[in-house]
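Note that the structure is predicted; figures quoted are calculated from it, not measured.
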Amino acid sequence: MHAEIVGSDRPRVERLPLWLTIKQAYGSYLSHFPDVLRATAPWLVMAPLATGGVIGLQVAMLPAMLAGAAKGGTPIAAMLLAYGSHIVLDVALVSIAVAWHRHIIIGERPAPFDVHLATGRFWRYVGICLALFCISFVMMSVLAVPLFAAGSVMKLQLRLGFDAVVIIGVVVAAMSIAIGATCRLLPLLPAQAIDDRTLTFRKVWQRTRGSTWRLFWGTLACSALPVLPTEIAAYIVVGSLTPGNLFGPASATLIIVTAISTACRVLTMPILAGFLSYAYRHFFGRPSLAGDQARIH
């Protein structure tokens with residue numbers, strides 16, 4: 001395991017063991033799958049019904065929406081339905097994450113149909129999620145100005161017309177820096193789930209020094225990878241839709257694929273929550289990953 005000293009007056013910081021932490025996240029998910037079902041049970045019903053049902057309603061409302069758009073109207077009802085389904089899914093993911101963080105870090109077994117909505121830890125978790133989003137958005141906005149300026153100067157010096165390249169480069173650079181900074185702060189999330197009020201943004205920032213991209217790649221491997229097959233299937237179905245077959249069997253397929261995709265996201269959320277939980281334990285002195293490795297196997 002690699003380690004680095006961040007200063008004589010700062011604590012010794014050990015970099016996150018990426019592959020071991022990912023393995024722990026998937027291992028605990030598979031070996032405790034009955035608890036996964038306990039944590040996700042209510043949302044495996046509610047979230048797919050919400051997203052699939054909204055798609056069905058939007059298809060049914062499509063003629064009225066198109067007629068209203070032709071007259072310059074805005075399909076407010078359809079937009080509100082879409083936002084409502086996303087809120088249900090987001091609430092589901094936070095509830096599951098809180099339950100799984102508590103399971104991994106303090107050994108609390110998820111209770112069936114316990115959705116945590118009435119607890120302060122749920123809303124603190126939501127608050128940290130919103131704070132991380134705002135930090136990322138502000139960083140991207142602030143970074144975009146000097147990066148665009150540098151790109152414009154380079155374009156003038158080279159006297160080449162590559163506006164698209166400059167724009168893409170600026171967006172990628174700004175997103176990379178913002179995402180990297182946000183990933184450094186992700187251990188704040190499991191801290192809220194277990195009611196750890198001592199952890200601050202500064203403490204997390206200092207302790208995760210040197211693990212920025214390890215946290216990024218681990219988060220990606222534990223969030224995007226498990227849902228990749230269903231997301232690809234959903235894009236294929238959406239791509240196959242045309243105005244001619246939207247009201248036929250293809251619409252039913254779209255509803256089913258949307259519901260399955262949502263269920264997959266709900267069911268695999270504990271993998272990401274597990275990764276962040278083990279990362280929290282690594283950085284803040286919880287039981288070692290090696291000990292967990294022995295217990296799981």
Problem - T219 and L272, any side-chain heavy atoms less than 4.5 Å apart - result: yes
Problem - Verify same cluster id: I105, L93 (apolar side-chain graph, 4.5 Å) - result: yes
Exercise for the section: Could you tell me whether the side chain of T208 and the main chain of R184 form a donor-acceptor pair under 3.5 Å? Expected result: yes
Handout entry: Test item: R38 side-chain N/O and A111 main-chain N/O as donor-acceptor pair under 3.5 Å
Key = no
Handout entry: S95 side chain vs V91 backbone, donor-acceptor pair below 3.5 Å
Key = no
Exercise for the section: Compute whether any side-chain donor of one residue and acceptor of the other, for R15 and S211, lie under 3.5 angstrom apart. Expected result: no
Exercise for the section: Give the intermediate values and the outcome of side-chain contact (heavy atoms from CB on, under 4.5 Å) for residues V204 and L186. Expected result: CA-CA 8 Å; V204 176; L186 285 176; over 6 Å; no
Handout entry: Short side-chain to backbone donor-acceptor contact, R121 and Q192, under 3.5 Å
Key = no
Exercise for the section: Would you mind reporting whether T200 and Q206 have side-chain heavy atoms less than 4.5 Å apart? Expected result: no
Handout entry: Linked, directly or transitively: I194 and Y125 (ILVMFWY side chains, under 4.5 Å)
Key = yes
Problem - Pair Y280-H101, side-chain donor/acceptor within less than 3.5 Å - result: no
Handout entry: Under 3.5 Å: donor-acceptor pair, side chain of T119, backbone of H116
Key = yes
Practice task
Would you check if the side chain of S31 reaches a backbone N or O of G27 as a donor-acceptor pair within less than 3.5 Å?
Solution key: yes
Exercise for the section: Report yes if the side chains of Y26 and C222 come closer than 4.5 Å at any heavy-atom pair, otherwise no. Expected result: yes
Practice task
Kindly work out whether a path of hydrophobic side-chain contacts (I/L/V/M/F/W/Y, heavy atoms less than 4.5 Å apart) joins I106 to F284.
Solution key: yes
Exercise for the section: Check whether any side-chain heavy atom of F133 sits under 4.5 Å from a side-chain heavy atom of C129, and report yes or no. Expected result: no
Handout entry: Note, R109 side chain near D35 side chain (heavy atom, < 4.5 Å)
Key = yes
Handout entry: Co-membership, hydrophobic cluster, residues L189 and L117, 4.5 Å side-chain
Key = yes
Exercise for the section: List the steps and the verdict of side-chain contact (heavy atoms from CB on, under 4.5 Å) for E231 and V257. Expected result: CA-CA 9 Å; E231 292 300 313; V257 169; over 6 Å; no
Exercise for the section: Would you kindly confirm whether I128 and V98 end up in one hydrophobic cluster when ILVMFWY residues are joined by side chain heavy atoms under 4.5 Å apart? Expected result: yes
Practice task
Tell me yes or no: between the side chains of S277 and W100, is some donor less than 3.5 Å from an acceptor?
Solution key: no
Practice task
Output all residues satisfying side-chain contact (heavy atoms from CB on, under 4.5 Å) with V126, sequence neighbours left out; order by chain, then residue number.
Solution key: V94, F122, W123, L130
Handout entry: Y29 vs I104 side-chain heavy atoms within contact, under 4.5 Å
Key = no
Handout entry: Student check: side-chain heavy atoms of L89 and V266 closer than 4.5 Å
Key = yes
Practice task
Using atom types as modelled and distance alone, determine if a side-chain donor or acceptor of K203 lies under 3.5 Å from a backbone N or O of T198.
Solution key: yes
Handout entry: Main-chain N/O of P17 paired to R214 side chain as donor or acceptor, under 3.5 Å
Key = no
Handout entry: More than 12 heavy atoms of other groups within 6.0 Å of R265 CZ
Key = no
Problem - Main-chain N/O of Q24 paired to S28 side chain as donor or acceptor, under 3.5 Å - result: yes
Problem - Neighbour count above 12 (heavy atom, 6.0 Å) for F201 CZ - result: yes
Problem - Whether H103 side chain and A99 backbone form a donor-acceptor pair below 3.5 Å - result: no
